[in-house]
Amino acid sequence: MAMYGFDFQAAFGAFSCKGEYITQTVDRQTLDEESYNGFYLQGMYEFGRYYAVARYDTFDGKNSDVGHPERLSLGAGYVVREGLELRLEHDAGLQDLDNVTSLQMVMNFGSIGE
């Protein structure tokens with residue numbers, strides 16, 4: 001197997017963006033060799049304790065039966081306090097994925113060593 005990728009992050013005041021690209025080849029140099037690649041791009045704008053986010057992601061299993069799923073996600077969130085957020089997100093399946101809407105409560109319990 002071989003895997004390569006890169007990512008980026010940038011912030012401009014209240015706007016931030018990030019993205020990632022990954023490519024993977026499995027069962028290299030065999031008759032079963034398969035290649036996969038995917039990426040996402042995300043932008044977020046913060047309005048104090050509120051934020052809005054948009055994300056596009058896609059995946060391509062070139063030699064397999066996984067299809068070519070694509071998704072556009074739109075969401076909003078509220079920071080209740082540091083480490084606790086409420087999020088509402090709608091994932092629009094553009095290709096090979098269903099539409100899903102979710103409401104989440106996200107809690108950070110800290111990291112090891114704190």
Side-chain angles (χ1 to χ4, degrees):
M1 178 186 80
M3 182 180 289
Y4 304 98
F6 67 89
D7 62 64
F8 74 92
Q9 294 185 33
F12 311 96
F15 178 75
S16 62
C17 61
K18 61 183 177 178
E20 181 176 32
Y21 174 82
I22 293 179
T23 183
Q24 177 186 39
T25 304
V26 296
D27 296 323
R28 294 177 63 203
Q29 301 172 350
T30 72
L31 295 175
D32 296 325
E33 182 174 305
E34 293 186 14
S35 296
Y36 308 95
N37 64 64
F39 74 91
Y40 80 87
L41 296 172
Q42 176 177 300
M44 183 169 78
Y45 194 87
E46 297 181 47
F47 306 92
R49 294 172 72 141
Y50 296 90
Y51 61 88
V53 63
R55 176 181 173 127
Y56 172 81
D57 59 82
T58 184
F59 177 79
D60 186 12
K62 293 178 180 159
N63 303 330
S64 70
D65 297 331
V66 298
H68 185 89
E70 289 181 79
R71 174 179 33 224
L72 177 62
S73 302
L74 301 173
Y78 174 70
V79 179
V80 178
R81 63 179 211 166
E82 186 176 340
L84 180 63
E85 298 179 13
L86 291 174
R87 298 178 186 169
L88 176 64
E89 184 175 292
H90 178 72
D91 297 331
L94 303 176
Q95 183 172 313
D96 295 333
L97 292 171
D98 294 331
N99 293 338
V100 176
T101 301
S102 59
L103 177 62
Q104 304 171 337
M105 178 180 282
V106 180
M107 185 177 283
N108 180 347
F109 292 101
S111 62
I112 297 173
E114 280 190 13

### Query
Above 12 or not: heavy atoms from other molecules or residues under 6.0 Å from OH of Tyr50?
no
#### Entry: Glu70 side, atom CD; Asp57 side, atom CG - distance, nearest 0.5 Å
9.0 Å
## Note on the structure
Per side chain to side chain contact (heavy atoms under 4.5 Å, CB included), Asn37 is matched among Ile22, Thr23, Thr25, Thr58 by Thr23
### Interatomic spacing from CD in Glu85 to CE in Met107 - rounded to 0.5 Å
11.0 Å
### Query
What orientation do Phe12 and Phe15 show, parallel under 30°, tilted 30 to 60°, or perpendicular over 60°?
parallel
### Task
Establish, from distance only, whether the side-chain atoms of Gln42 and Tyr56 form a donor-acceptor pair under 3.5 Å.
no
### Message
To the closest 0.5 Å, what do you measure between CE (Met1) and CD (Gln24)?
### Response
5.5 Å
Side-chain donor-acceptor pairs of residues 2-9 under 3.5 Å, sequence neighbours excluded:
none

### Message
If hydrophobic clusters are built from ILVMFWY residues whose side chains come within less than 4.5 Å, do Phe109 and Val106 share one?
### Response
no
### Query
Between Leu31 and Val26, is there a shared hydrophobic cluster once you connect ILVMFWY residues whose side-chain heavy atoms come closer than 4.5 Å?
no
### Query
Could you give the distance from CG (Leu103) to CE (Met105), rounded to the nearest 0.5 Å?
8.5 Å
### Same cluster (ILVMFWY, side-chain, under 4.5 Å), Leu72 and Leu41
yes
### Query
Would you say Leu86 and Phe47 are hydrophobically clustered, going by side-chain heavy atoms of ILVMFWY under 4.5 Å?
yes
#### Entry: Listed partners of Ser73 passing side-chain hydrogen bond (donor to acceptor under 3.5 Å, both in side chains), at least two apart
Asp91
#### Entry: Test item: Arg49 side-chain N/O and Val79 main-chain N/O as donor-acceptor pair under 3.5 Å
yes
### Query
Roughly how far, to the nearest 0.5 Å, is OG of Ser16 from OH of Tyr51?
11.0 Å
### Query
What are the two closest heavy atoms between Leu74 and Ala54, and how far apart are they?
CD2-CB, 3.8 Å
#### Entry: Spacing of CZ belonging to Arg71 relative to CZ belonging to Phe59, to within rounding of 0.5 Å
11.5 Å
